[in-house]
Every structure is written in C-alpha cells, then in structure tokens.
There are 2 protein chains.
Amino acid sequence: MNKRPTISDVAQAAGVSLMSVSRAMNNRPGLSEETRKKILSIADQLGYRPSGVARALATKRSSTVGLMMPDVTNPFFSQIAKGAEDLAYAMGYNIFLVNTDEDIKREIKALHSLFEKQVDGVILCSPRLPFDQLKKHIEHFQFTALINRELNSPRSDCVTININDAYGSALAIKHFSNQGHKKIAFLTGPEESISRERRLKGFIQALETHSIPYDENLVLPCSPDTTGGYHAATALLSGRDDITAILSFNDLVAFGAIQACDELGKDIPNQVAVIGFDDIPLASIMKPKLSTLRTNKRELGHRAMQAFRAYTNGEENIIRQQTLEPTLILRESTLG
Amino acid sequence: MNKRPTISDVAQAAGVSLMSVSRAMNNRPGLSEETRKKILSIADQLGYRPSGVARALATKRSSTVGLMMPDVTNPFFSQIAKGAEDLAYAMGYNIFLVNTDEDIKREIKALHSLFEKQVDGVILCSPRLPFDQLKKHIEHFQFTALINRELNSPRSDCVTININDAYGSALAIKHFSNQGHKKIAFLTGPEESISRERRLKGFIQALETHSIPYDENLVLPCSPDTTGGYHAATALLSGRDDITAILSFNDLVAFGAIQACDELGKDIPNQVAVIGFDDIPLASIMKPKLSTLRTNKRELGHRAMQAFRAYTNGEENIIRQQTLEPTLILRESTLG
DNA sequence: ATAATCTACGTTAGCGCTAACTTATTATGC
DNA sequence: GCATAATAAGTTAGCGCTAACGTAGATTAT
C-alpha cells in the first residue's frame with residue numbers, strides 16, 4: 001500500500017492551489033472548464049480520492065448514517081437494512097451497522113460509538129432503551145428515525161415509523177372469528193418488546209369486538225424465533241384440544257408453532273389455524289404455506305432514509321409519525 | 001441538539017491542557033490518578049465524547065472496517081455480517097455495510113466509498129470484480145479479507161477465507177451414490193458465481209469418482225433463490241422420471257426445487273432426493289426437513305475479523321488462506 | 001474613462017484531535 | 001547535597017480538507 005495521495009499532491013502536480021483542486025473535486029463553480037478538466041485528469045492519474053475523514057472534520061458532515069438493530073440475521077431487520085442502504089447508496093451515504101442483540105448495555109454502547117463516529121443521523125430499530133434514556137441520546141444526534149417505537153414528545157429532528165401492530169392483530173382476530181374460532185392463543189414474543197405490547201393490546205381489543213372472552217392463559221411470551229414458538233406452542237397445546245387458532249409474534253414463531261402442532265399430531269389448519277407476522281420470504285415456501293400479516297420491511301428502512309434526506313434538505317413538511325398498515329395474507333395455515 | 005463539546009471545552013472546564021484530557025480519555029500514562037479522575041468526571045458531566053473523525057485524521061486510524069456483500073437480505077451473508085460485527089464490536093470497531101446487488105459497477109463504487117471513508121480494512125464477500133481490478137483495489141486498502149474468493153498472488157495484507165465447495169459437492173455425490181442414485185442433477189446458481197464454479201468442478205469430479213456418467217443436461221444455472229430453484233427444477237423435471245437426486249446451489253434453491261417437485265407430484269425423498277447448501281436456520285424447519293451441506297457462516301465473518309485483528313496487532317503467523325469444510329447434514333429430503 | 005461587477009483563481013485559518021517534543025516538579029542514587 | 005532520573009504535566013505542529021475572505025485581471029455599465 002503506497003502512501004495515499006492528498007489534495008496537496010494533486011495541487012502540486014497540477015500547478016494550482018488546494019482550493020482549485022477542492023473545487024474541482026466537489027464540482028463547485030469558480031473554475032474554468034479547462035482547469036477543472038486538467039485537475040480531474042491529474043487526480044485520476046494519481047488515484048486521488050478525497051479523504052472523507054478530513055472532509056468530515058472540515059465540513060462537520062460525515063455522509064454517514066448509523067443503523068442500529070437487534071440482529072441483522074433476523075430477516076425482518078435485514079430487509080430494513082437493505083431498504084435503508086439502498087437509498088443511502090443513492091444519496092452517497094454510507095451506513096454503519098450495529099447489532100445490539102437485544103441487550104440494553106450494548107445498545108447504549110452502540111449509540112455512543114455512533115455518536116463518536118459523528119454520523120449525520122441514526123436509524124434505531126426497536127430500541128429497548130427506557131424512554132428517558134432514549135430521549136437523551138436522541139438529543140445528541142442531528143437526526144433520528146425510530147423504527148418500531150413511538151416518541152411521546154414530538155421533535156423536528158425525529159421521525160417515528162411504525163407498523164400498525166394493533167391493526168394487524170385485529171385483522172387476524174377478525175379472520176379467526178369469521179372462521180368460527182373461539183379459543184385463540186397468542187404467542188407474543190419477548191416480554192420487553194414494544195411490538196408485543198401493541199399487538200397484545202390489539203389482540204385483547206379485537207377479542208372484545210368479536211365478543212370472544214379473553215383468557216390470559218392463552219397468551220404466552222416466547223423468544224422471537226422458531227425455538228420460542230415451538231416451546232410455547234408445545235406448552236400451550238399439550239393435553240388439550242380446545243385451542244383452534246394461534247396468532248404468532250412473527251413468522252419464525254409461527255413456524256415453530258406449526259412444528260409443535262405437527263409433533264402433537266394436530267392438523268393444520270383443520271385442528272389448529274396459525275397466522276404469523278411479517279411475511280418473510282420463506283412464509284410462502286413453507287408447508288403448509290403460512291398465512292401471515294405482511295409488513296413492508298424494505299419500506300420501513302426506505303422511509304427512514306427518505307425522512308433523513310428530507311430533513312437534511314431542509315424540507316418543511318416532514319411527516320413525523322408514519323405508520324405502515326399490515327395486510328393479511330391468507331395461505332394454507334388457516335381455514336377458508 | 002446543543003453544540004457538541006470538544007476536547008478544549010473539557011480542558012478549560014478542568015483547568016488542564018488539551019493533552020491531559022487526551023491522555024485521560026485514551027487511558028494513557030502521564031497523569032496522576034487524581035487529575036485523571038477529575039478530567040473524566042468533568043468530561044462525563046459535559047457529555048463529552050471524543051470526535052472519531054478528528055481522531056482518525058490525527059492518528060490515521062479510523063477504527064472502522066468496510067463490509068461489502070451482494071445482499072444482507074440473504075441469510076448466508078447476514079450471518080457473515082453478524083459474525084464480523086460481533087468481533088468488531090468487541091474490538092471497538094464499527095462496520096460500514098455496503099450492498100452491491102451483484103452489480104459490478106456498484107461494487108466498484110462501494111470500494112471507492114470505503115476507501116474515501118478511510119476504513120482500516122475491508123471484508124469483501126463474493127466479489128464479482130475481475131481479478132486484475134480486484135487486485136488493484138486491494139492494494140489501496142491496508143488490509144483485505146476475501147470471503148468466497150481466491151487470490152493467486154499471496155499478499156501479507158490479504159487473507160482469503162473460503163468454503164471448500166468442491167468437497168461439499170463431493171460429500172453430496174458420495175451420499176447420493178451410496179443411496180444408488182445414478183441420475184443426479186445440479187442446480188448451480190448464477191453463472192458468474194465463484195462458488196458455482198468450484199462446486200461444479202467438485203460435482204463433475206465426484207461423479208467420476210463414483211463412476212457416474214456426467215450429463216451436462218442435468219446441470220442448470222439459476223438465480224440463487226427459491227424462485228430460481230423452482231423454475232430450474234420445473235424445467236428439469238417436467239415430463240421425465242429418471243432424475244432421482246438434486247444437488248442445489250443453496251438452501252433457498254433447494255426449497256424452490258422441493259416446491260417444484262411438489263407441484264409435479266414427485267415425492268421427496270422417494271422419487272427425488274434433494275440436498276441443499278448452507279444450512280440456513282429454516283432448513284431444519286421446512287417440511288421435509290432439508291438435508292444440506294452446512295457451512296459455518298458466522299465463522300466466516302468471525303475469521304475475517306480475527307485475521308484483521310491479528311494483522312493490526314502485527315502478529316506474524318497469520319494464515320493467509322483459510323478453508324472451512326462443509327459437513328453433510330442428513331434430514332428428511334434424502335433417503336437413508 | 002472610471003467605477004462597478006464578475007471571473008478565476010489564491011491565501012489563511014481552523015475543524016478536533018494526537019505525536020512528539022519541551023518544561024517544571026518531585027523522587028532517587030551515591 | 002547535588003546530579004540524575006522519573007513523573008506530570010504543557011506546547012507546538014500538523015493530519016487533509018473546506019469556508020471565508022482576498023485579489024488580480026477582464027468585462028460591463030454609465
């Protein structure tokens with residue numbers, strides 16, 4: 001690795017001042033076409049690329065965005081990452097990816113590290129941080145997009161983008177009810193999850209709407225993966241035949257539940273109907289094909305970056321609270 | 001957002017010089033415990049966090065690594081990302097994630113942007129770039145880990161980490177052969193893929209080893225997802241019953257192939273046996289549970305960061321060419 | 001013809017930090 | 001008790017870039 005050429009190397013080679021090179025590289029006015037071309041050609045020859053670090057220090061803009069999420073490995077989040085990165089790429093921004101593993105301590109460290117890196121904005125997916133702390137951190141960043149989390153006090157530099165979780169639950173219960181289900185279980189995902197809370201609220205309310213009595217024994221928390229769904233469903237369904245429908249925190253949990261049903265000899269959908277959440281790519285490949293509440297995950301990431309772009313462009317009418325509506329996709333894991 | 005406090009703000013508030021603050025923040029010698037504590041407490045009070053940008057400019061180290069991959073959405077790559085990010089986190093590094101969408105132009109732009117951001121090293125997953133260009137880019141970086149790609153000319157600042165693809169194919173063919181299969185198809189994945197090439201080579205050689213004639217009509221490229229597998233398998237299997245085994249480029253392709261078999265009324269594994277590649281989390285959830293060549297994806301990312309750490313620590317004996325061996329996991333999609 | 005404006009540059013200072021050197025003070029050796 | 005060394009600081013310069021301002025010469029206005 002040779003020494004990296006700097007702007008002065010280019011300036012010297014071209015026989016011009018630093019500023020002329022800077023202007024040429026940034027495509028700014030104040031140069032004749034001739035000089036500009038000469039500088040750019042020499043820069044190219046030398047393999048010169050401006051130092052983003054020096055530029056960031058001088059301009060106080062790093063062209064960098066932080067993306068914090070529990071786990072990229074989870075299809076839900078990797079899709080968000082993709083949606084965000086796609087637009088970031090188009091904007092000439094780079095993305096810092098940080099996983100938190102649902103660990104609050106790690107979340108705090110992640111926020112600190114992003115702050116030190118002087119990102120121009122952050123996208124925080126499902127932050128678990130208590131409200132007060134979260135708020136304090138947000139204040140440090142120039143711009144924040146909160147995915148899957150509300151903010152009670154509106155800020156001009158913070159946008160929230162949420163799935164309408166309660167509505168999703170309602171859609172599922174409505175369908176279950178229409179199909180005549182009375183004993184509907186809910187595998188809720190992790191107890192600290194915000195989505196869980198909202199979905200549970202929607203679940204309970206929808207039951208009421210459809211005059212189905214709420215039985216708290218049918219509501220079980222679980223880890224948000226196949227194992228969690230498997231264990232929870234096994235615990236729930238063993239030795240009883242009255243539960244005929246399961247709403248699951250996400251598709252992975254649903255898969256786990258289906259596996260449990262399988263082992264317990266319960267036919268899906270005839271003995272137990274299952275609805276998932278997310279519609280990950282494999283939902284339509286599984287057997288039975290999974291009925292699920294589809295959410296546009298790419299769109300979540302995309303919207304976050306769009307809001308960031310709007311904010312940095314100084315646009316006025318940024319929608320501070322955005323909600324994406326899930327849609328119920330009926331496949332083979334439900335009746336009808 | 002208030003103005004971010006700088007090192008001078010802390011120095012002034014503490015009544016010490018800049019260097020004392022710097023030393024305190026970096027935990028360097030040359031300070032009494034008393035002063036150190038005072039400085040740290042004042043820094044904390046002010047909410048001071050050193051500017052990574054300024055530090056990077058001064059030290060020429062950004063504590064940042066670039067991670068380039070075709071698509072985070074693909075479970076194979078997201079696991080690599082996780083493995084890398086985990087160790088990066090432990091090292092106090094941040095990761096720039098860049099997707100290339102298998103697009104060479106985008107790959108080049110990604111490398112440029114990472115170079116501008118002055119990453120301390122890059123991890124390149126399955127780069128599609130022609131060899132000469134790739135080499136030229138690598139020379140610009142202080143350290144490069146190549147995942148899923150070889151480098152003919154060894155460099156002290158470049159490590160390659162590969163799956164033993166040919167061996168994987170061989171394991172699959174051996175098993176198929178032991179089960180009496182004679183007509184074995186291979187859905188190879190994208191034609192430009194390096195893995196495809198290596199697996200195909202292993203496939204052909206293994207056939208020879210087991211005295212099975214090679215029939216190029218049984219080898220079909222496909223996009224590396226369920227759709228690709230579905231279409232390829234449909235094209236391959238329609239109107240013929242002689243093909244009894246399919247090796248698939250990855251698990252998604254295998255799922256697609258299984259779906260195709262399903263629709264063609266072919267029983268798995270009795271009429272057609274299927275082996276995938278990767279062992280993504282859902283492979284053991286699918287019905288039938290997928291037999292597959294497991295590769296430790298987390299380990300790939302982890303090793304890349306380990307090599308980076310070793311390199312930056314100035315360690316001598318870094319293994320420049322690492323190979324991970326796949327293992328054949330037999331489940332329900334194969335006989336036996 | 002002279003002032004006013006514009007074009008195409010150049011100069012200077014500073015972004016926030018640290019490496020490398022310098023200085024004052026205290027501890028140690030003989 | 002005095003030289004020597006160690007400790008705990010401080011000072012200076014510079015990392016590579018750009019914002020802001022400066023300037024010479026050409027162009028336009030009056």
Side-chain angles (χ1 to χ4, degrees), chain A residues 2-40 42-43 46-64 92 113 115-120 140 142, chain B residues 2-40 42-43 46-64 92 113 115-120 140 142:
Chain A
N2 305 331
K3 210 188 131 287
R4 181 184 181 125
T6 73
I7 198 170
S8 341
D9 296 327
V10 179
Q12 219 164 344
V16 297
S17 73
L18 298 183
M19 270 318 288
S20 294
V21 179
S22 174
R23 281 190 261 258
M25 295 308 294
N26 292 292
N27 210 19
R28 294 243 181 119
L31 284 184
S32 67
E33 263 324 293
E34 197 190 359
T35 329
R36 183 182 306 275
K37 273 187 188 158
K38 191 176 85 186
I39 292 174
L40 288 179
I42 287 178
L46 296 180
Y48 169 73
R49 296 255 148 206
S51 154
V53 168
R55 183 181 277 170
L57 187 61
T59 61
K60 296 164 178 261
R61 288 179 58 254
S62 63
S63 297
T64 274
S113 77
F115 181 63
E116 289 193 3
K117 287 293 190 298
Q118 261 152 298
V119 294
D120 296 336
H140 290 145
Q142 290 166 56
Chain B
N2 305 332
K3 211 188 130 286
R4 181 183 181 126
T6 73
I7 198 170
S8 341
D9 296 328
V10 180
Q12 220 166 341
V16 298
S17 72
L18 300 181
M19 271 319 288
S20 295
V21 180
S22 174
R23 282 190 261 258
M25 295 307 296
N26 293 292
N27 211 18
R28 296 241 182 118
L31 285 183
S32 67
E33 263 322 296
E34 195 189 0
T35 331
R36 185 183 305 277
K37 272 186 188 158
K38 192 177 83 185
I39 292 174
L40 288 178
I42 288 180
L46 296 180
Y48 169 72
R49 298 254 148 205
S51 155
V53 168
R55 181 181 279 170
L57 187 60
T59 61
K60 293 162 182 264
R61 287 180 57 257
S62 62
S63 297
T64 275
S113 76
F115 181 62
E116 290 193 3
K117 287 292 189 300
Q118 260 151 296
V119 293
D120 296 337
H140 290 143
Q142 290 166 56

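Source: prediction; values computed, not measured. Sequence lines set the chain letters: A, B, ... in the order given, protein chains first and strands last, and positions in each chain run from 1.
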Taking any heavy-atom pair under 4.0 Å as a contact, classify [X]: base, sugar-phosphate, or nothing.
| X | result |
| --- | --- |
| B:V16 | sugar-phosphate |
| A:R28 | sugar-phosphate |
| B:P50 | sugar-phosphate |

Say you draw a straight line from [atom1] of [X] to [atom2] of [Y]; how long is it, rounded to the nearest 0.5 Å?
| X | Y | atom1 | atom2 | result |
| --- | --- | --- | --- | --- |
| A:S62 | A:Q142 | OG | CD | 7.5 Å |
| B:E34 | B:L31 | CD | CG | 11.5 Å |
| B:R49 | A:F115 | CZ | CZ | 8.5 Å |
| B:Q12 | B:I7 | CD | CD1 | 12.5 Å |
| A:D9 | A:I42 | CG | CD1 | 12.0 Å |

Proximity to the side chain of B:L57 - top-ranked nucleotide from D:dG16, C:dC15, C:dC9: D:dG16
Of A:Q118, A:E116, A:K117, the residue whose pairing with B:S51 passes side-chain hydrogen bond (donor to acceptor under 3.5 Å, both in side chains): A:Q118
Has [X] got a side-chain N or O lying under 4.0 Å from the OP1 or OP2 atom of [N]?
| X | N | result |
| --- | --- | --- |
| B:S20 | D:dG10 | yes |
| B:S22 | C:dT18 | yes |
| A:S17 | C:dG10 | yes |
| B:T6 | C:dG16 | no |
| A:T35 | C:dC9 | yes |
| B:S8 | C:dG16 | no |

If I take atom [atom1] in residue [X] and atom [atom2] in nucleotide [N], what distance separates them, rounded to the nearest angstrom?
| X | N | atom1 | atom2 | result |
| --- | --- | --- | --- | --- |
| A:L18 | D:dA20 | CG | C1' | 15 Å |
| A:R61 | D:dA19 | CZ | C1' | 14 Å |
| B:M19 | D:dA8 | CE | C1' | 12 Å |
| B:N27 | D:dA8 | CG | P | 14 Å |
| B:K38 | D:dA9 | NZ | C1' | 12 Å |
| A:E34 | C:dT7 | CD | P | 17 Å |
| B:I39 | D:dG10 | CD1 | C1' | 12 Å |
| B:K60 | C:dA20 | NZ | P | 12 Å |

Base D:dG10 paired with B:R23 side chain (donor-acceptor, <3.5 Å): yes
Closest-nucleotide 5' rank along DNA chain D - winner of B:A58 and A:A58: B:A58
B:L31 or A:R49, whichever maps to the more 5' nucleotide of DNA chain D: B:L31
Ranges pairing with ranges for DNA chain C, where each run has three or more Watson-Crick or G-U pairs under 3.5 Å: C:1-30 with D:1-30
Atom of B:L40, atom of B:M25 and distance for their closest heavy-atom approach: CD2-SD, 4.0 Å
Heavy-atom closest contact (A:S63 atom, A:G92 atom, distance): CB-O, 4.1 Å
